[in-house]
2 protein chains.
Amino acid sequence: MVHKLENLSKNQQIVLNIIEKAKGPVKAYSILNDVQKKGINAPLQVYRALDKLIKIGKIHKVESRNAFIACKNTNCEVSNATAFSICQACEKVTEIVNSKLSKYLKSFQDSTGMKYKKYNLEFFGLCQKCKSK
Amino acid sequence: MVHKLENLSKNQQIVLNIIEKAKGPVKAYSILNDVQKKGINAPLQVYRALDKLIKIGKIHKVESRNAFIACKNTNCEVSNATAFSICQACEKVTEIVNSKLSKYLKSFQDSTGMKYKKYNLEFFGLCQKCKSK
DNA sequence: TAACGTTTGTTATAATATAACATTTTATAA
DNA sequence: TTATAAAATGTTATATTATAACAAACGTTA
Ligand SMILES: [Zn+2]
Ligand SMILES: [Zn+2]
Ligand SMILES: [Zn+2]
Ligand SMILES: [Zn+2]
């Protein structure tokens with residue numbers, strides 16, 4: 001197996017590092033803020049790195065939150081089948097890795113016969129912690 | 001059955017009307033642009049109407065597009081179980097109404113035992129038209 | 001009427017994201 | 001190695017999406 005990390009550029013590694021170390025989803029401008037000491041000065045530099053990292057499946061965008069999260073799924077080399085659980089109270093986000101779910105959705109056919117290349121699913125509710133408050 | 005339309009305020013009706021007449025998803029600032037002759041001048045007036053319309057299930061937000069679409073599902077009184085098919089070429093968006101899918105997702109349980117109140121699913125691919133080009 | 005919740009109007013500003021252009025670095029291959 | 005193409009960078013400016021804060025008006029119900 002080829003380790004893609006070695007192929008990442010400087011900016012891409014810096015941005016990935018921040019997202020991987022974070023405890024939850026990270027916002028683009030929070031990343032920008034964190035890296036201004038490391039030579040990245042402009043939003044575009046962050047967004048370009050984010051785009052690439054998404055493309056190669058290292059991170060995902062949590063669409064409903066405009067935030068980014070590291071991929072925890074070793075099989076998920078491209079972000080074409082993603083599912084997340086999102087706590088509406090504490091905003092904790094967890095990537096759902098569930099082969100039954102992904103098989104079900106990958107093979108889903110709608111009435112129009114449209115064939116899907118990609119899906120993104122977001123579940124909302126209360127996590128264990130917040131439920132018991 | 002109670003017709004909620006009668007309960008809508010002036011701004012809410014104006015905004016809903018535009019979204020229902022549109023052929024595809026509509027952006028907030030495009031709505032704002034369209035209604036400036038009708039006495040709505042500020043983004044907030046549009047966003048407030050959008051929020052309410054989402055809350056009562058008249059429209060949905062297509063998260064990956066930051067756009068809004070009228071609900072076609074007569075059963076869907078609240079936006080707590082939504083699925084869309086999105087063409088990556090022409091940006092056509094269709095709400096998927098499929099009881100098997102919604103039953104499957106409503107009863108989905110992840111490993112943490114978190115119980116979900118709401119989900120949103122977006123499928124991406126090419127529609128019939130764009131596939132055959 | 002009084003009280004309450006909802007909606008409105010308005011100004012300002014925050015947060016998220018891309019356009020356009022010049023340059024540099026890296027990979028590929030003649 | 002040198003040429004060439006592809007990818008990444010740096011920079012300035014701008015576009016797009018969304019909310020804060022406050023005062024006033026409206027609609028419902030007690
Ligand atoms: Zn993943
Ligand atoms: Zn929580
Ligand atoms: Zn609907
Ligand atoms: Zn299409």
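Just so it is clear, the structure is predicted and the values come from calculations on it, not from any experiment. Order of the sequence lines fixes the chain letters, A, B, ..., with proteins taken first and strands second; residue numbering starts at 1 for each chain.
We find that NZ of A/Lys27 is positioned 16 Å from P of C/dA14, with the value rounded to whole Å. Atoms CZ (A/Arg48) and P (C/dT23) sit 15 Å apart, rounded to a whole Å. Counting to the nearest Å, the C1' atom of D/dA18 and the CD1 atom of B/Ile31 are 13 Å from each other. Between A/Glu63 atom CD and D/dT17 atom P there is a gap of 13 Å when expressed in whole angstrom units. Protein atom OH of B/Tyr47 is 12 Å distant from nucleotide atom P of D/dT16, rounded to whole Å. Atom NZ of A/Lys61 and atom C1' of C/dA15 are 12 Å apart (whole Å). When rounded to the nearest whole Å, the span between CG of B/Asp51 and P of D/dA20 equals 11 Å. As a whole-Å value, the separation of A/Asn33 CG from C/dT16 P is 12 Å.
Counted by atom type alone, B/Tyr119 and B/Asn80 present zero donor-acceptor pairs between their side chains at under 3.5 Å. Side chains of A/Asp110 and A/Thr112: a donor-acceptor N/O pair is present below 3.5 angstrom, by distance only. Side chains of B/Ser64 and A/Glu63: a donor-acceptor N/O pair is absent below 3.5 angstrom, by distance only.
For B/Lys52 and C/dT6, the shortest distance from a side-chain N or O to OP1 or OP2 is not below 4.0 Å. For B/Asn7 and C/dT6, the shortest distance from a side-chain N or O to OP1 or OP2 is not below 4.0 Å. The phosphate of D/dT11 has OP1 or OP2 within less than 4.0 Å of a side-chain N or O from A/Asn41. Within the 4.0 Å cut-off from OP1 or OP2 of C/dG9, at least one side-chain nitrogen or oxygen of B/Gln45 is found. Side-chain nitrogen and oxygen atoms of B/Asn66 include at least one within less than 4.0 Å of the OP1 or OP2 phosphate oxygen of D/dA18. Taking side-chain N and O atoms only, B/Lys10 has no distance below 4.0 Å to OP1 or OP2 of D/dG27. Using a 4.0 Å cut-off, no side-chain N or O of A/Ser9 falls inside it from OP1 or OP2 of C/dT25.
Donor-acceptor pairing under 3.5 Å, judged by distance alone, is absent between the side chain of A/Tyr29 and the base of C/dA14.
For B/Phe84 and B/Phe123, the gap between ring centers reaches or exceeds 6.0 Å.
Nearest nucleotide to the B/Ala42 side chain, out of C/dT8, C/dT10, C/dA17: C/dT10. Each of C/dT7, C/dA17, D/dT19 was ranked by its minimum atom distance to the side chain of A/Phe68; first place goes to C/dA17. Closest to the side chain of B/Pro43, from the set D/dT19, C/dT18, C/dT10, is D/dT19. The side chain of A/Leu44 sits closest to C/dA19 out of C/dA19, C/dA17, C/dT10.
In the displayed structure, B/Lys131 atom NZ is contacted under 6.0 Å by more than 12 heavy atoms of other residues, nucleotides or ligands. Remark: A/Lys115 NZ is packed, more than 12 non-hydrogen atoms of other residues, nucleotides or ligands lying under 6.0 Å away.
Heavy atoms of A/Gln12 sit under 4.0 angstrom from primed sugar atoms or phosphate atoms, though from no base atom.
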